[in-house]
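Data first, discussion second: the structure below is written as C-alpha cells.
One-based numbering, in listed order, for ligands and for the atoms of each. Every value quoted in this text rests on a predicted model; they were computed, and no experiment measured them.
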Amino acid sequence: MGGDLFLDCAKFKKETVRLSTITPDSLQKLYENSLRGYVRCAHCDNPVKLYFSMNTPPAFSHFENGDFTDCEIACLTVEKPSAAAGHHAYAERNGFRIPKGRAITGVSTIEKEKVWDEPKPIRIIESYHPSNELLSHKLIGEISLNTDQERAVTAVHGSLLVLAGAGSGKTRVLTARAAHMIQTHQIEPESMMLVTFTSKAAREMKDRIIMINGLSSNKTKRLLTGTFHSIFYKILSFHQPGKWQGPNLIKWDWQKEQYVKQAGKELGLDEKEFPYDQALQQISFWKNTLLPEEKFVPKGDWEEKVHFLYRHYEKLKHERDQFDFDDMLLKCYELFKQEPHILKKYQERFHYFLVDEFQDINPIQYEMIKMLSAKSGNLCAVGDDDQSIYAFRGSDPSIILNFKKDFPNAEIVHLKKNYRSSHPIVSTAKQIISLNKHRYQKEITAHYERKEGPVVFSPYDEEVEATMIVNDMKEKMENGASPEDFAILYRTHANGRAVFERLHQSSIPFVMEQDHSSFYDRRIVKNLLAFMRLSLNPDHSEAASHLLSALFIKQSALNDLKALSIFHDCTLVEALGKLSNLLPFQQKKLNQIIPHFSKLQRYPPATAIEIIEKDMGFDDYVKKRGNEGNAIEKGSDEIKDLKVVAKKFDDLASFLEHIDHMRAAVQERRNLEKPKKAVQLMTIHRAKGLEFKNVYIVGAVDGSLPHDFALESLRKGENAPLEEERRLLYVAMTRAKHGLYVSMPTMRRGRKANPSRFLRPII
Ligand SMILES: Nc1ncnc2c1ncn2[C@@H]1O[C@H](COP(=O)(O)OP(=O)(O)OP(=O)(O)O)[C@@H](O)[C@H]1O
C-alpha cells in the first residue's frame with residue numbers, strides 16, 4: 001500500500017468530498033470511481049484511491065509512492081484541524097497511518113449514519129476444556145479415531161445410528177467403517193451398499209476407501225457407492241432395460257414445464273401467470289413423500305389444480321415411455337412392492353447398508369432402505385438432525401428423530417468432539433442451534449482452542465459488504481493465506497451477486513457453482529433492462545422481444561414490428577405505435593409508454609428504474625408475473641437488488657455496460673477450467689459436508705437469513721421453516737475451521753435491515 005499518508009478528503013467531479021461527512025450510501029460509488037482513476041487529491045490533483053475493508057476504515061491514498069505530507073496538511077487545514085491533528089499526528093492501524101482526530105465512524109455533535117464500523121467479536125460464554133480423552137489411535141490404515149468413533153466403526157452388526165454434531169467425524173467414521181468391514185471382518189464388498197447425498201460425495205468416499213493402506217483395491221472397487229437415485233436407477237434399468245434408458249430421462253425443468261403447461265391449457269390456466277415451477281416442485285414433493293398421483297386426495301383450490309397437472313404430467317410421461325428423477329425412487333419402490341421376489345433378491349445380495357447424511361432422507365428413501373435391510377437388519381445411519389436443510393425436497397428430520405421407534409434395538413452412538421472448528425466457533429454455533437425446539441440435545445465440544453473467535457461486522461449495504469470481504473481476503477492473502485482457504489457462503493444465489501462482481505474485478509482466483517446463471521439474465525430483470533436498452537438503441541431487436549413479454553403482447557408481434565420498421569423506415573420503438581390487432585388495453589399502454597423511451601436515457605439508472613416501474617407500467621408486470629414459480633426469489637425483490645447496483649452509476653450506458661460485462665463473465669467462467677487454488681463461492685446448501693479455513697457468511701439479516709418466506713410462515717403460526725433457517729446458519733458456521741466472519745449489512749435491498757434474529761441473542 002506504499003508509504004503514503006492516508007487522507008480524509010479528495011476531489012470527485014470537481015467537488016471536495018470528505019470521508020468524515022459523506023453519507024454511507026456514496027461510499028461504494030466513490031470506491032469504484034477511485035479505482036477507475038476519477039477521484040483526485042484535493043491538493044496535488046493526482047489520482048487517489050479509496051480503500052477500506054472489514055478491518056480497515058475508509059481512507060484515500062495516492063496511487064504512487066512519495067512524500068504527500070503537503071497534501072495531508074492541506075486536507076487537514078481545510079477541515080479546521082484540532083491541536084491533536086497536527087502534521088505528524090497520525091495513528092498506525094492495520095498498516096495504515098490514519099490522521100488522529102479524524103472521525104470516520106461518526107460526527108460528534110450531530111448523530112449521523114456510520115460510514116464504517118469496527119467488526120465485533122462474538123461473546124463466548126462457554127470456556128474451553130482441553131480434551132482429557134485418550135489420544136485417538138489408528139484402527140484402520142492411517143485413520144485415527146477416538147473411542148466413540150471407534151465404537152461407530154466396529155459395531156458392524158445390527159442397526160446403528162451415529163448421531164452427532166458438525167465436524168465430529170461422521171464422514172470419517174463411514175469411510176473407516178467400510179474399510180474395517182472389508183479388511184477385518186472379511187465382508188464381501190458386493191454385499192455392502194454405501195449411500196451418500198451427492199454423487200460427488202460417493203466418488204470421494206470410494207476414492208478415500210481405495211486409498212486406505214492395506215486394502216486391496218480390487219476388492220474395494222467392487223463396493224457399491226452412490227446416491228439413492230443412482231442405485232435405484234441401476235436396479236430399475238437391470239429389470240426393465242427397455243424403459244430405463246438415459247434418453248428417456250426428463251432431465252430439465254423446462255421439459256417438465258412443457259407437459260404441465262399442456263395440461264394447464266385444459267384448465268384454462270394462464271401460461272404466463274400460473275406458477276408452473278412451484279407446481280412442479282409440489283408434484284416432486286408429493287412423489288418423494290409417497291403420494292403417487294392416483295392416491296393423492298387434494299384439498300383446496302391450489303392442490304386441486306396441481307393434482308390435475310400431476311395426473312396429466314404422469315400420463316404424458318407414460319405415453320412417451322419417459323421418466324424423471326423422482327420416478328427412479330417411486331417406480332423402484334413400486335417394483336419392490338409388486339414383485340417381492342425382486343426385493344428378496346436384493347435383500348439377499350446386500351447385507352450391510354451404510355447411509356450418510358441421514359437427516360436429509362425423505363419418506364420414500366426411508367421406506368426403501370427399511371425394506372432392503374429388513375432381512376439382514378444391518379443398517380448404519382449417520383447424520384445430524386441439526387443439519388437437516390432439505391425440507392423443500394421432502395426431507396423429514398423427524399425420521400432421524402424417531403429412529404429408535406422403527407429400530408427399537410438400534411444402538412445409538414454419539415460423537416462428541418468437533419475436530420474441525422475451534423472452540424469459539426463450536427461454542428457459538430451451539431448457542432445458536434440450541435434455540436431450536438425440535439432437535440436432539442447433543443453434547444459437542446471443540447477438540448482445539450484458538451484465540452480469535454467469530455466476528456460480526458456491519459457493512460452499509462450489499463455492495464460495501466462485498467468490497468469489505470474481498471479486501472479482507474486480499475489483506476489475509478498478503479499475510480500468507482491462500483485463496484483456497486476461503487469460502488463465501490450465502491442463503492440464495494441473489495445474495496452472491498455483489499461478491500461475484502467484486503471478485504471478478506479483483507485478481508483473486510475463485511470458483512462458483514457451475515449451474516449458476518447471471519442475476520441479470522433473470523426474466524424480470526432482463527425484461528426491465530430491455531426498456532433501458534431500447535432507450536439507448538431503439539432498434540435493439542432482442543430487447544424489443546423482452547419488452548413485448550413485459551407488455552403481455554405475443555411474441556409473434558416481433559415480426560410485425562420488424563416489418564413495420566422496414567415499411568415505414570422507422571425504429572422498432574417507433575414501430576410499436578403502429579402495431580395493429582392489439583387489445584384496447586395494450587394499445588392504451590403502448591401509447592402511454594412510447595414517449596418515455598427517448599427521455600429515459602437522460603436519467604441516472606436508479607431514476608430510470610422508477611420511471612419504468614411507475615410510468616411505463618412495469619409494476620403491473622411484476623405484480624402479475626413477479627412471483628411466478630419461486631417462493632424464495634421474488635421478482636419484486638430482484639428489482640430492488642437491481643436498484644442497489646443502479647445507484648453506483650450515473651448513466652444508462654455505463655450501467656448496461658457493467659451488466660453486459662458481468663453477464664459475459666458468468667458465461668466465461670462456466671467454460672473455463674476451474675483453478676484448483678481458489679476462493680469458493682456457494683450457497684449454504686451446497687456447502688454441506690465441506691470445510692474451509694475461513695468462512696464469510698453474507699447477509700445475516702432478517703429477511704435474508706432467516707429468509708422472508710420463513711418469517712411469513714412464522715406469522716401464519718408455522719415454526720418449522722424458521723427452525724430450518726436456523727439450521728442453515730448452523731451449517732454455514734460449522735464449515736469454518738479457524739476464521740468465521742458474519743456480515744450483517746445495515747441496509748438490504750435499499751431498506752434498513754435488522755441483524756438476523758438468530759444472532760441477536762449473542763451479539
Ligand atoms: N479422530 C480424529 N482425529 C483427527 N481429526 C479428525 C478426527 N475425526 C475427524 N477429524 C477431522 O475433523 C474434520 C471433520 O470430520 P468429518 O468431515 O468426518 O465430520 P462430519 O461429522 O462428517 O462433519 P459435518 O457433518 O459437519 O459435515 C475433518 O477434517 C476430519 O479429518
Side-chain angles (χ1 to χ4, degrees), residues 130-131 133-154 161-180 194-198 200-202 204-205 207-209 211-212 354-361 380-390 395 397 400 413-423 425-426 428-430 432-433 439-440 442-448 450 484-485 487 489 680 682 684-695 727-738 740:
S131 177
E133 185 172 13
L134 288 175
L135 277 181
S136 48
H137 76 277
K138 289 168 187 159
L139 177 82
I140 180 104
E142 288 304 303
I143 311 178
S144 23
L145 300 167
N146 66 29
T147 321
D148 294 324
Q149 291 174 335
E150 191 175 329
R151 178 65 201 147
V153 167
T154 53
L161 174 65
V162 182
L163 183 68
S168 58
K170 293 185 293 299
T171 308
R172 169 179 286 235
V173 157
L174 220 47
T175 315
R177 184 178 163 94
H180 174 73
L194 202 168
V195 191
T196 57
F197 196 67
T198 63
K200 185 166 168 259
E204 281 175 6
M205 200 163 302
D207 289 346
R208 266 192 245 168
I209 298 171
M211 302 280 281
I212 292 174
L354 295 88
V355 186
D356 198 9
E357 307 277 8
F358 197 72
Q359 72 280 356
D360 280 320
I361 199 165
C380 166
V382 172
D384 175 6
D385 55 311
D386 291 332
Q387 293 187 61
S388 175
I389 53 174
Y390 279 98
S395 302
I400 195 169
V413 173
H414 298 278
L415 309 180
K416 304 180 211 77
K417 270 279 156 245
N418 180 318
Y419 288 89
R420 174 184 299 138
S421 316
S422 64
H423 166 69
I425 295 174
V426 174
T428 306
K430 219 160 78 173
I432 285 174
I433 201 66
R439 64 182 291 264
Y440 264 123
K442 281 180 290 293
E443 190 191 318
I444 184 104
T445 52
H447 177 66
Y448 70 99
R450 252 180 105 85
E484 73 274 21
D485 295 339
L489 309 181
Q680 304 280 326
M682 63 182 86
I684 299 172
H685 281 99
R686 286 284 175 106
K688 200 167 74 140
L690 305 179
E691 58 186 28
F692 310 91
K693 245 189 204 158
N694 300 293
V695 167
R727 291 194 290 267
L728 272 165
L729 179 61
Y730 174 77
V731 168
M733 289 181 139
T734 52
R735 298 310 94 199
K737 292 185 187 178
H738 302 166
L740 175 60

Ligand 1 atoms in contact with G169 (distance to a heavy atom under 4.0 Å): 9 (C), 15 (O), 16 (P), 18 (O), 19 (O), 20 (P), 21 (O)
Interfacing atoms of ligand 1 (cut-off 4.0 Å, heavy-atom, E691): 13 (C), 14 (C), 28 (C), 29 (O)
Heavy-atom gap S144 to ligand 1 smaller than 4.0 Å: yes
Per atom 27 (O) of ligand 1, closest listed option by heavy atom (R735, K170, K737, K688): R735
Interatomic distance, L415 atom CG to K442 atom NZ [nearest 0.5 angstrom]: 11.0 Å
Numbered atoms and elements of ligand 1 in range of A166, under 4.0 angstrom, heavy atoms: 26 (O)
Modelled atom types, side-chain donor and acceptor of T445 and K417, under 3.5 Å: yes
Close approach of H447 to ligand 1, heavy atoms, under 4.0 angstrom: no
Contacting atoms of ligand 1, where contact means under 4.0 angstrom from a heavy atom of Q149: 1 (N), 2 (C), 7 (C), 8 (N), 9 (C)
Heavy-atom side-chain contact between D360 and K688 under 4.5 Å: yes
Among Q387, R172, R420, closest by any non-hydrogen atom to atom 17 (O) of ligand 1: R420
side-chain hydrogen bond (donor to acceptor under 3.5 Å, both in side chains) partners for R439, two or more places apart: D386, Q441
Which residues share a side-chain hydrogen bond (donor to acceptor under 3.5 Å, both in side chains) with E691, sequence neighbours left out: R420
Heavy-atom pair of closest approach, residues L728 and I684: O-CG2, 3.3 Å
Backbone or side-chain N or O of T734 under 3.5 Å from ligand 1 N or O: no
Point-to-point distance, once rounded to the nearest 0.5 Å, from CE of M205 to CZ of R208: 6.0 Å
